[in-house]
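Working notes for the structure below.
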Amino acid sequence: MSGRCRAAPPGARAAALDDVARSRRRWLVLVTVGIGTFMSALDGSVVSALLPVIARGLGASLAEIEWVTTVYLLVVSVLLLGVGRLGDLRGHKRVYLGGFALFVLGSGLCGLAPSAAWLIAMRGFQAVGATMLFANAPAILTASFPAAERGRALGTLGTFTYLGLTAGPSLGGWLAGALGWRAVFYINVPVGGVALALAARTVVDDRPERGSEPFDLLGAIVFGAGLLALLVALNQGHAWGWGGARSRALFIAAFMLLGLFVVVERRSTSPMLDLSLFRSRVFTAATASALLNYIAVYSVIFALPFLLIQGLGLSPRHAGLVLTAQPLVMAVVAPLSGTLSDRIGLRGPATTGMLLLGSGLVLLACASGGRSLWTIAGSLAIVGLGVGIFVSPNNSALMGAAPRHRQGIAAAVLATARNVGMVLGVGLAGAVLTTVVSQAAGQGVAGSAALVSGVRASLLAAALAAAAGVVTAWVR
C-alpha cells in the first residue's frame, strides 16, 4: 500500500552502515594523530619552560643548555621537506609510525641523560621522530577527510597543538616539582606507546605501488645544508654580530646552497620539492601567509616575557598565566574557524584572522607602556583570536591546492614555513629589541623605560609582518 513505510533495500542499509563506519574511522584517525601532535607541542613548551631547572640539575651553563631547544628546532627545520617527500614515496603511515617510535625512544633516552651533551644529542634524535610526525600528520588527515570537512579536521588538529602549548608550562612545573625534570621526558613513553598502537590500527595504509619515483638525495642534502646555514646565522647572529665574519659567511653559504637547490630541482626527473606547486597562486600565497603569521606570533612569544618579568617585575608563574590568554583562545577558536571556512570559503576567514592578529599586536604595543595586566591579557586574547581564525582555513587552502600524490611535500612545506617563521620571528624581535634598548641606554633612558621601548618596537615590527600577511591572504 502507498501509505505503508517501505524498508530500505539491503544494499542501501549496507551503504549507510559503511558510511557511518568510515566517518567513525576518520574521527578516530583525527584523535590518534591529535595525540601525537599534542605530545610534540607539549614536549616543546615543557622543555623550554624548564631549561633553568634542567641546567641546574646537569650543572650546565646557560649558553650550553640553550642548545637543548636550538638543536631540536634546527633538526626539525632541516629534515621536514625530505621527510615529507619520503612520505609521498613510501607511504605516510609507514613514515608516521616510524617517527612515533623514534620520538618515544628519544624521549626515554632524554630522561636518562647523565650530561647536557647527552641531552642535546638525544634531543636531536628525538627531533628526527618529531619531524616524521609533523611532516605527515596533515597529509594523513587530508587523505582521511573529504574536502567539505577538511577545514574542521585541520582546525581540530590545531586545537591539540594549542592545548599542548597551553598545558606545557604548568604540567611541566608540576611534574618537575613532584618527580623531577626527567619525568617530563618519561611521561611520553607510556602515552606515546598507546598512541602508536592506535595509529597502527586506525590509519589507512597508503603505501604506493612498486616502481614509484626515486628519492632525491642530492636535493635533500643541498636544501638541508642551505637551510641549516641560514637558521644558524639567524639564531646566532645577535651573539656573533650581524655583520661579523661568521654571520656573513653563513648567509653567503645559505644563499649559494639554496640557489643551487633550485637549479638541482629544476633538472631532476624526480625532485624532492616539486617547484611546480608554487605555480599555484593559492599554494604560494598560503605558504607566504603561514610564514608571516609565525613571524608575528613568535615575535610576541620572544619579546613579551621580557616586558612581563623584567619590565613589570612579575614572577615566571604569574607571567605564564598572562601569556596563557593567547593559546587558550586559539584552542577554542581554531576548530570553529575550520568548520566555518568549510561552509563560507577560505579567503575571508584567513584574511580576517590576519587583520585581527595585526590589530592585537598594535594594541599590545600600546598596552606595553604600563597599562594593567588585564589590558595586556585582553590584547593577547585578540592576537590568539586572529591566529585561531587564520590557521585552519590557510592550512586547508595550502593542502587543498596540492595534488594527492604531493600531500606529504605540501605538509612539509607548511611545517617548514612554520619553523622558519619561528626562527625569523625570534631573530626579528631580538634584533629590534636589542637595537632599541642599546640606543635608548646610550641616550640616558632608564633601564625599564628602554626595555618597554624595545618591546613596543618589536611588537610594531611584528604588526608590519601581519599587515603583509593580510595582503597575501587576500590575493589568493
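- Under the 3.5 Å distance criterion, the side-chain polar atoms of S289 are matched with a main-chain donor or acceptor of A473.
- A 4.5 Å side-chain heavy-atom check between N136 and V83 finds at least one atom pair inside the cut-off.
- At distances below 3.5 Å, at least one donor-acceptor pair connects side-chain atoms of E265 with backbone N or O atoms of L273.
- Between L380 and L304 the shortest side-chain heavy-atom distance falls below 4.5 Å.
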(request) For V128 and L79, run side-chain contact (heavy atoms from CB on, under 4.5 Å): C-alpha distance rounded to whole Å, both residues' side-chain angles, the deciding distance at 0.1 Å, then the answer. (result) CA-CA 8 Å; V128 176; L79 295 182; 4.0 Å; yes
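- Taking each heavy atom of A463 and G358 in turn, the nearest pair found is CB-O, 4.1 Å.
- Of all non-hydrogen atoms in T269 and P271, the two that sit nearest each other are C-CD, 3.7 Å.
- The ring pair (Phe, Tyr, Trp, His ring centres under 6.0 Å) search around F261 returns F223, not counting sequence neighbours.
- Under the 30°/60° scheme for interplanar angles, the aromatic rings of Y298 and Y294 are found to be tilted.
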(message) The test is side-chain contact (heavy atoms from CB on, under 4.5 Å); show your working for T472 and L291 and say whether it passes.
(response) CA-CA 10 Å; T472 57; L291 178 70; over 6 Å; no
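- By the 4.5 Å heavy-atom criterion applied to side chains, L133 and T37 are not counted as neighbours.
- Side-chain contact between V297 and F390 is absent, with no heavy atoms from C-beta onward closer than 4.5 Å.
- Listed here is the closest heavy atom pair of L231 and S77: CD1-CB, 3.3 Å.
- With rounding to the nearest 0.5 Å, the separation of CG in L30 from CZ in R26 is 11.0 Å.
- Taking the six-membered ring for Trp and the full ring otherwise, Y96 and F100 have centroids separated by under 6.0 Å.
- Separation of atoms CG (L97) and CG (L102) is listed at 11.0 Å; rounding is to 0.5 Å.
- Applying the side-chain hydrogen bond (donor to acceptor under 3.5 Å, both in side chains) rule to pairs touching residues 215-228 yields nothing, sequence neighbours excluded.
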(request) Decide ring pair (Phe, Tyr, Trp, His ring centres under 6.0 Å) for W181 and Y186; before the verdict, give the C-alpha distance in whole Å, the side-chain angles of both, and the deciding distance to 0.1 Å. (result) CA-CA 9 Å; W181 63 265; Y186 288 143; 8.7 Å; no
(message) I'd like to know whether V420 forms a side-chain contact (heavy atoms from CB on, under 4.5 Å) with L227, so could you lay out the CA-CA distance, the side-chain angles of the two residues, the decisive distance to 0.1 Å, and finally the verdict.
(response) CA-CA 9 Å; V420 173; L227 187 59; 3.9 Å; yes
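- Residues passing the side-chain hydrogen bond (donor to acceptor under 3.5 Å, both in side chains) test with S115: none are found, sequence neighbours excluded.
- Listed by first and then second residue, the side-chain hydrogen bond (donor to acceptor under 3.5 Å, both in side chains) pairs involving residues 100-111 are S107-Q126, S107-N188 (not counting sequence neighbours).
- Not counting sequence neighbours, the partners of R266 by the side chain to side chain contact (heavy atoms under 4.5 Å, CB included) test are V262, L275.
- What you find for W240 and V232 is that their closest heavy atoms are CH2-CG1, 3.9 Å.
- Inter-residue side-chain proximity for C110 and R123 is flagged as met; some heavy-atom pair is nearer than 4.5 Å.
- One distance of note links CG of L217 with CD1 of I221; it measures 4.0 Å at 0.5 Å rounding.
- Between the side chain of S280 and the backbone N or O of A401 there is no donor-acceptor pair closer than 3.5 Å.
- Every residue two or more places apart in sequence or in another chain that forms a ring pair (Phe, Tyr, Trp, His ring centres under 6.0 Å) with F278 is listed here: F283.
- Put simply, the side chain of W474 never gets that close to the backbone of A350: no donor and acceptor are under 3.5 Å apart.
- In plain terms, the two heavy atoms of S458 and A429 that are nearest each other are OG-O, 3.2 Å.
- Within the 4.5 Å cutoff, no side-chain heavy atoms of N293 are placed close to those of N394.
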(request) Take F125 and F103 through the side-chain contact (heavy atoms from CB on, under 4.5 Å) test and state the conclusion after the steps. (result) CA-CA 8 Å; F125 178 78; F103 182 83; over 6 Å; no
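- Closest approach of L398 to A286, counting heavy atoms only: CB-CB, 3.8 Å.
- We find the CD1-OG1 distance between I389 and T352 to be 7.0 Å, quoted to the nearest 0.5 Å.
- Residues S337 and P393 meet the side-chain proximity criterion, which asks for heavy atoms closer than 4.5 Å.
- Annotation: the span from M354 atom CE to L357 atom CG amounts to 5.5 Å, rounded to 0.5 Å.
- Judged purely by atom type and a 3.5 angstrom limit, K93 has no side-chain atom pairing as donor or acceptor with the backbone of V204.
- Cation-pi geometry between R418 and F134 is met: under 6.0 angstrom from the ring centre, within 45 degrees of the axis.
- Between atom CZ of residue F215 and atom CZ of residue R85 there is a gap of 8.5 Å, rounded to the nearest 0.5 Å.
- No donor-acceptor distance shorter than 3.5 angstrom exists from the side chain of S299 to the backbone of L459, with no hydrogens or angles considered.
- With a 4.5 Å cut-off on side-chain heavy atoms, T287 and L414 do not count as touching.
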